[in-house]
Every structure is written in C-alpha cells, then in structure tokens.
Engineer: 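Right, I'll just put the structure down here and ask away after.
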Amino acid sequence: MKDLSACTTRSTCPYCGVGCGVLLQPDGAGGLTVTGDPDHPANQGRLCSKGSALAETVGLSQRLLAPVVAGEETGWDDALQLVADRFRDTIAEHGPDSVAFYVSGQLLTEDYYVANKLMKGFIGSANIDTNSRLCMASTVAGHKRAFGTDTVPGTYEDLDEADLVVLVGSNLAWCHPVLYQRLMAARQARGTRIIVIDPRRTASCDSADLHLPLAAGSDVALFNHLLTQIDAGGLVDADFLTHTTGIHEALDSALADDVSVTGLDTDDIAQFCQMWMETEKVVTIFSQGVNQSSAGSDKVNAILNCHLATGRIGKPGCGPLSVTGQPNAMGGREVGGLANMLACHLDIENADHRAAVRDFWSAPAMPEAPGLKAVDLFRAVGDGRVKALWVIHTNPVVSMPEADAVRDAIAACPFTVVSDITALTDTARLADVLLPAAAWAEKDGTVTNSDRTISRQRSVLPAPGQARADWDILAEVGRRMGWASAFDYQTPGEIFREYATLSGIAAKFGRDFDISGLSDLDAVGYDALQPTRWPVTATRQGGRFFADGQFYHPDGKARLLPVTWRAPAAKTEPRYPFWLNTGRLRDQWHTMTRTGLSARLSAHLPEPFLDIHPDDARATGINPADLVQVASPHGTSVLRARITSDVTQGQVFAPIHWTGETAPAARIDAVVAAATDPVSGQPESKASVVSVTRFDAKWYGFAVSDREMRPSCEYWAQTPTKLGYRAELAGMDTIDDWQTAARDLFGLPEAQITIVEDPARGMARLAFYEDGRLVAALFISPEPVAVMRDYLATLPQVPDLLSGWAPADRPDPGPVLCSCFDVGVNTILTAIETKGLMTVEAIGEALQAGTNCGSCRPELASLLASAHQKEAAQ
Ligand code: SF4
C-alpha cells in the first residue's frame, strides 16, 4: 500500500456493490479530485463513469442544510425532540409495531447498526427494512436455505481464474462496470468464455460467447435442466455430496420441469449445458434479474444446486457470486438491516440468539418475530397500522412498486420523518420533518462490498450547514427517547467496535460472520483500517467459504433445494399483452439525486424511454421517437419509444431512474405490480403485465435554457447540460400563444424573443436573448420534434439557430457515448467512416473515447459492428 500525500484520503465509491476504492483530494474550496485507488483490491485503480464523475456531485446545489418541520426551518433541538416525542407517544398509544424505519443500502454499517439497535432492541419492533429488500433479499433467502447462512462463497479474484463466467440476470457491463472490466482483462489474458442469460440483449452481450434470451422468469427451468444434464453426464461430485443433503429431491423436481418454457433454441440450451459441464472453473454471477423476481429465491437455489452438485464452490475460479446493487447492501445484511434478521447473521426467531443480543445490548424489548418487509411495510402505512415512519436516504415514492399507492400511503401517514441530503425528492416533499444528513464525502464509517471486503469510507469535506451523520441523528433520538447510555456514542469507531464484539458472540453460536478480530481497534486503528475481507478472527482472515464442505445448517451440511419453475404474473387480460422489465442505466444511479447533478453523466441517455420490439411497435402503431403510455392496473407512465430488437417480442424495457423532480409522468414504478417472492419478500421488477399505446399529444416540444425550467405540461423530462438544462415537452391542450406558454407553462426566461411560427402546421420556434446573447430556445411541432438536440444544448450563438440544425462546419456530436471525454455517437461514426477505424482501440487512439474508465467500450464495440455491417451491406 503506497503512502499518500498529506492531502489525499482513501475512501470508497458510494454507488454500487463493487465497492471501488477512491483517492480523494479536497481543493480547499468545497470541491474534490477523485481518482481510483490503485491499492484497493476491488478495483486496483479502475473507476467507471459514475465513479469518475463523483467530484461533480459534491456541490451544495440542492442540499438540505437545516432541519425542517412542517415546511419551516428549525434547529436540531426542536426537530429531534419532536421526532422522539412523536415516536414515543405513538408507541405508548398503539404499541411498538405502529412505528417503522425504512432505510437504505446507502447507509454506512455504523448508521445501520444504530438504526437496527434502536428499533429491534429498544423500541421493541422488527419494523425496520431497507431498500436492499428491492435489491438482493432473494439472494439472502437462497443462501440461507442452501448454506444455513447468508454467505457469499467466492471472491472477485475468482473472476481472474475462471475459465467460464455465466452472467445470469446481470448486465455487468453497465451495473458493475469495474467488475466487467476485470472480466474483460481476464478474457484477454486467458480466454475466459462468457455466457449471458438475460431476456434482453444488453451491453454485456457484446463480448459473450453465447447469449440466451430466455423467457422472463424461466431461469429455474433452465438451471433445473442443467442439473439433470449434470446428473445424466455423471458429473455429480459424490465426495462433495457427502457434505450436502437433498440431491434426490432436487433432481426429482428438476426432472419434472420442462426446459421448453424458457423459449430457447434447443441447440443453445445444449451448448450452455455443454460449456458449463465441461468447465471445472465456472463462476455464475447473478444479480437483479435473478433477485427481483416473484420466484427469486428459487432462482438462486436452482443456481446453487448446480454448484453444490458438482462441488464447484468456494474453490479458486469457481462458485456462485451474487453482486449487489448498492454500496453497502452487504453491510446491511450483516448488521441486521432487514426486518427478518438480527445483527451478525443471528436469527430473530431463535430464542437463544435473541437472548444473546438482548443481554449484549441490555435491551429492554426484543421482538420475537420478523417485522414488515418493504412491500408489506408500506401497505401497513397505507392501512393505518404504521402511524409513524422514518425514511432514511431513500425515495420509496419513486422506487417502490405500485409507487402511486406508496405515495398516497406516505402522504396520509400521521407522522413521517425523512433524513436525506436534499429536500428535492418525491418522498422528502411528503415529510412532516426533514432532517439534513451528511453526504458521502462528509461521512465516516465502513461499508462491505459484494465479496465481503470491508472498506473505510472517510470524511474529507465538512458537513455543510447543520447536516449531521446518520448514526449521530439516530443515536440522539435514542437518547431523547430515554435510552441515554445505550446510545451514548461519540464516534463511528465506537459503534464499529461494539458491532465487532457482538460478532464474536454470534460466532459462539456457530455463525460465520465474525469480525471479532477487529473489536479492539482503537481510534487510530479504525482510522487506518485497510480493506479487509471477513471473517477476521484470531485464527482466520478472509478467504473463501465452503470448499472444505463445512456449512452452517445445524448438521453442518448444505441443502440442495427442490425448486420448480413458476411463471411470473400471467398475461391473463388481453388488454395487458406485454411484460415490463425495468433496470438501471450505465451512467445513472437510483433516483438520480447525485448522478443527476452531473451534466456529462446526464448526457448519455437524457430522457426516460421504453424499448419495444419492431414487430410489437408495428402492431401497436408506434413509430420511432413517439411518446408511449405504459399502463397497468396500478398506474401509468409516459416514455419515449425506442424500437429495438434488444428486447424480444412481448417484452418491453424501461429504466428506473426518473422521478417527479425530473420527469413526473415517467415514474415507471407506478406501473410495476407489488408481486413478491413468498420467501424473500422481494418484489418482481422484471415482469409486470402492462399495455403500451401511443401517447397522442397535441404538440411536442424541445427546449434548452441556461437556467432551470419549471415545466407544467402533461409530459416533460428535464436534464442538466454543461450550460444549463434541456427539456422534452408534450401536451394535450391546444396552445395559441407560444410566447406566453414559454413563460407560464415551461418556465423559460422572460427575455427578448425571436419567433418563427406556422400556426396552420402547428409549428413554432422561439429564441430568447438577453443583451443580444442567446439564453434559451424552444422548438414546437405537432410531431415529435426533429432537431439536433446535442448541438442546440450548447446554446450556439449563431444567426440561423431556429433551423435547429448544425451548420456544416459545426457538426452535431450526437448523444454522448463516452462521458469521460464527452464524445458523441455522431463524432464516433464519422471517425469510423472517414478514418477507416476497425477496432475499439483505434477509436480510442483517434478520439480518446473508451480510454479512461472503459464503461463505454461495449457500446463502442457495438457501434463499430453496426457501422461495419451497414458498410458491408452497401
Ligand atoms: S463500479 Fe463504478 S459505481 Fe461501482 S463502485 Fe466502482 S466506480 Fe463506483
């Protein structure tokens, strides 16, 4: 580990579960320089586009700087006393289960620990759940059923040694880009083969040897078939099976399943089985496509069954590897952030475990049963069983399924507290009390990534205004509720030591999560803690689990589970003929409260969209760039149509990121049904039944401005640019006076206006000038507006601006593809054509694109392939 200069601090990226190390250098003026930490084992210096843009998200715009009660700024004393009083009074009147916390995988482990201790040990309810319920609860359930514990067996190093990597329901190239780059490096070095199993063709398919676009939710049938082939091929590892039970039951179930429900070509299925069976070193990476399913737990166990049957687990280069979406989803799992767990992998239903934790905490009231999981929790808010709710660092009004019902439930809740870094979220707008929390670069604590590595997140910027750390806010409420000594924490290091000590007690019950070797870290040791993979005990540090055949069920054996394919929600009503799949984009994170602040991240895909197959588009009369309305029994969402064979017929795909703040009509989770996995409680986000129809607006608009707009028409989507903002607009009412509408309906500046109009054709083009300088422009059309958006977003000071087209000497760069170097699609296509570029590396040499974080390399490869295909066809 290299020494750093005095002004450089090691920390961790706050976005995804890869858990990349970063080096932070404050500039002394509130800003930062962020680079990858070459010494961090997760990323060895690499960062993806989101991590590379972290410095652009630490400014104070949109920050919540003081507590707010009933819309009025106030001091901490009043706000926290109100929170403590209302929670205490509600509990006194209605019992402990009348209150709930809904927290987040964005919390640090120390924050999580205090929240969990307050709710489960002192309030006496288990009604604390986390948005990680939406992320990987099915993996937790699958791991526990198979291993007797929620343990990720392998490590990232396995990717360096594997000969075959199978990505199941994982667009690793976009959602865990640094791991994907690691896989690409291994492929380059040793020819690692890759199979992608995903209903959708994603960026991860570009380097795959085989893509299996299976029917939504049919993963269990595919892996059951693999298990039968493993058995038929004599590949069951008889020695390893002595460490397991259930092979016969699992095989019986597998044989009863019908692989044809996957809809896959039989040759492709055979090739998949052949590749898997002939390769000893196989890693199966699975993510949200497996977890976010009403059969998620069974999918996980179907995968684990194959690894257990062959003994391909916990050894170098082989095993199942779940990758989490959030930076500290794993920390939340370990510390008891889910409603059905105690801390340190102890079980809430186990009386001995409960007693041990109660004694350790000197807790007055421990719940004996699991609390409400996320979907049920918000239903309980809606029907009045939960009367006081505290939401911490998450935005359920956007991210929960049946989001409109969640919005209505929170709006009607008698008392809602929201802790966040901004008041500008759909959920924060409904809060009775808003508490200003410290943000990523201001927080101190630990996180655990997807391969069990605990890393320090270190504070390098002062918390602005009155913002405070979450553990500090929670502890203060605990003290004000009457538990002064239990919550008398002064530093996150104290909390970590207490947690590590508790893990030693858990280990005495035979639990695997044991970091008791860190329980005597002093303040200096905590501050200097290096990335450390658990367990950490006097005799062991890190490594893989289970290769020795030692599992955590009472008999020490693993379980192969009999699982059977179940269809996701059936398309029983003809008016809902599509399955809606939702997911993440390369350059955005969650509900964009941070990545949405970066103009270059926002330039990649600036508008919410729906991918629909060409045949389905034809059948429904949808043309490219039309607006479409997606509807289900739960709500509607309006999105821009992208017609593409990346999705199969009968399926559509939409990203999850847009909110009431950025595109109010496009909140996709308003449409998603809250169907949950019966074991994990995780909602199905990949297969809701929906209809898709053209959204026939009276008019369509595109606007750019040097300042934020405030549109109030039926459809709008606004995103930042380097010089201001751009917005897509559409409306249902006839408008005669566009100059007035520009001001009153879209929030464009009051300025000197040049207008070109053709009322008969419904066309209008307006340019707005201040002191002769262009500050905004508006283009209106009865059809989706056809102008060069990326060129116009530069607010070009040219006389023929209202043509909407770039002059020949100033070409339109097109949508940004490489966000590190701001290189657009048109620029790349022109270079491919004019310079005869043949490889991604050649594009890099010519334009720099793809040479920094590498996140765009799959898209560059795809663009290159389609350009060459087009050329060959001519
Ligand atoms: S892969 Fe990207 S988003 Fe994930 S931790 Fe690393 S830099 Fe952050």
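Order of listing sets the numbers, starting from 1, for every ligand and every atom in it.
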Engineer: What are the two closest non-hydrogen atoms of Ala441 and Val58, and how far apart are they?
Structural biologist: CB-CG1, 4.4 Å
Engineer: Suppose the criterion is salt bridge (Lys or Arg N to Asp or Glu O under 4.0 Å): which pairs have a residue in residues 318-337, not counting sequence neighbours?
Structural biologist: Asp150-Arg333
Engineer: Check each protein residue for a heavy atom under 4.0 Å from ligand 1 and list those that pass, ordered by chain and number.
Structural biologist: Cys13, Tyr15, Cys16, Val18, Gly19, Cys20, Leu47, Cys48, Lys50, Gly51, Pro177, Val178
Engineer: Taking the six-membered ring for Trp, are Trp658 and Phe609 closer than 6.0 Å centroid to centroid?
Structural biologist: no
Engineer: Can you confirm if the aromatic rings of Tyr499 and Tyr112 lie within a centre distance of less than 6.0 Å?
Structural biologist: no
Engineer: Angle class for the His345/Phe513 ring planes (parallel below 30°, perpendicular above 60°, tilted otherwise)?
Structural biologist: tilted
Engineer: Would you call the rings of Trp174 and His604 parallel, tilted or perpendicular if under 30° counts as parallel and over 60° as perpendicular?
Structural biologist: perpendicular
